[in-house]
Visitor: 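One structure, as C-alpha cells, below. Some questions next.
Just so you know, residue 1 is the first one in the sequence shown, and it goes up from there.
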Amino acid sequence: MNRRMWIAALAAALVPLVARAEVDKKSERTWKAKCASCHGVDGKGKTDQAQKMKIADYTDAAWQKAHSDADIKKAISEGVKREKDGVKQEMDAFKDSLSAEQIDQLVAYIRSLK
Ligand code: HEC
C-alpha cells in the first residue's frame, strides 16, 4: 500500500471509534440527567433514594448476569413497580421521554458499568 492508501485506511478505522465515543458521551449525559438521582452516577445504588428503595448495584457481576439486555430495555421503557422485602420499588417509564435509540444506548451504558 502506498502512503495515501494507508492514511485512508487509518481514517476509515478511526471514524467509527470517534462515533462510538460520541454515543458513549451522550448516554453518559442521559444517565447523569435522568437516572443518576436514584441509581447513582456510578450505578452502584448508593444514593439516599437508592437505599430507601433498595436499588441494586448494577456494577455487580451477578446482577449483570441475571439481567438480559431485553430485561434492562423493558425496565427503562416501561418502568418498574414492585415490592421487595416490604419496600416499594418504583421507577417511571421512559418510553415517552427517551427515543428507542437512547434507550438502546442506555442498555449499552449499563453494560459498561461492570
Ligand atoms: C425515581 C428513581 C429512579 C430513577 C430516576 C430511575 N430508576 Fe431505574 N430503578 C429504580 C428502582 C426503585 C428500581 C427497582 C430496584 C432495582 O431493580 O434495583 C429500578 C430498576 C432499574 C433497572 C433494573 C430493572 C430490573 O429488571 O431489575 C434498570 C435497568 C434501571 N432501573 C435503569 C434505569 C435507567 C436507565 C434510568 C434513567 C433513564 C433509571 N433507571 C431511572 C428507580 C429509578
Visitor: When rounded to the nearest 0.5 angstrom, what is the spacing between CG in D69 and NZ in K74?
Guide: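 So the CG of D69 and the NZ of K74 are separated by 15.0 Å.
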
Visitor: Rounded to the nearest 0.5 Å, how far apart are OG of S112 and CD of E28?
Guide: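 Reported value, rounded in 0.5 Å steps: 8.5 Å.
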
Visitor: Which residues end up grouped with M53 if you chain together Ile, Leu, Val, Met, Phe, Trp and Tyr wherever their side-chain heavy atoms are less than 4.5 Å apart?
Guide: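 So far as hydrophobic clustering goes, M53 is joined with W31, I55, Y58, W63, I72, I76, V80, M91, F94, L98, I103, L106, V107, Y109, I110, L113.
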
Visitor: Would you please test Q89 and K54 for side chain to side chain contact (heavy atoms under 4.5 Å, CB included) and show each step?
Guide: CA-CA 7 Å; Q89 296 185 317; K54 292 194 195 286; 4.0 Å; yes

Visitor: Honestly curious: do V15 and L10 fall in one hydrophobic cluster under the side-chain, below-4.5 Å linking rule?
Guide: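 As far as the 4.5 Å side-chain criterion goes, L10 and V15 are not connected within one cluster.
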
Visitor: D71 side chain to S68 main-chain N or O, any donor-acceptor pair under 3.5 Å?
Guide: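 Side chain of D71 to backbone of S68, a donor-acceptor pair under 3.5 Å: yes, one is there.
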
Visitor: Can you sort out the partners of S97 under side-chain hydrogen bond (donor to acceptor under 3.5 Å, both in side chains), two or more places apart, ordered by chain and number?
Guide: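 Expected list: none.
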
Visitor: Hey, does the side chain of N2 reach the backbone of R4 with a donor-acceptor pair shorter than 3.5 angstrom?
Guide: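 Here the side-chain-to-backbone pair exists.
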
Visitor: Using 0.5 Å steps for rounding, measure from the CD atom of Q102 to the NZ atom of K26.
Guide: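 Q102 CD to K26 NZ: 8.5 Å, rounded to 0.5 Å.
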
Visitor: Which atom pairs, donor and acceptor, lie under 3.5 Å between side-chain atoms of residues 39-50 and protein residues at least two apart or in another chain?
Guide:
{"unit_1": "D42", "atom_1": "OD1", "unit_2": "K44", "atom_2": "N", "d": "3.0"}
{"unit_1": "T47", "atom_1": "OG1", "unit_2": "C38", "atom_2": "O", "d": "2.7"}
{"unit_1": "T47", "atom_1": "OG1", "unit_2": "A50", "atom_2": "N", "d": "3.0"}

Visitor: Is any NZ, NE, NH1 or NH2 atom of the basic residue among R20 and D24 found under 4.0 Å from an Asp or Glu carboxylate oxygen of the other?
Guide: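 Salt bridge present between R20 and D24.
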
Visitor: Any side-chain heavy atom of T59 within less than 4.5 Å of one from K114?
Guide: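 No; the side chains remain at least 4.5 Å from each other.
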
Visitor: Give a yes or no on whether E101 atom CD has more than 12 heavy-atom contacts from other residues, nucleotides or ligands under 6.0 Å away.
Guide: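 No, not enclosed.
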
Visitor: First locate atom NZ of K25, then atom CD of Q105, and finally report the distance between them rounded to the nearest 0.5 Å.
Guide: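 Answer for the NZ-CD pair, K25 versus Q105, is 13.5 Å.
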
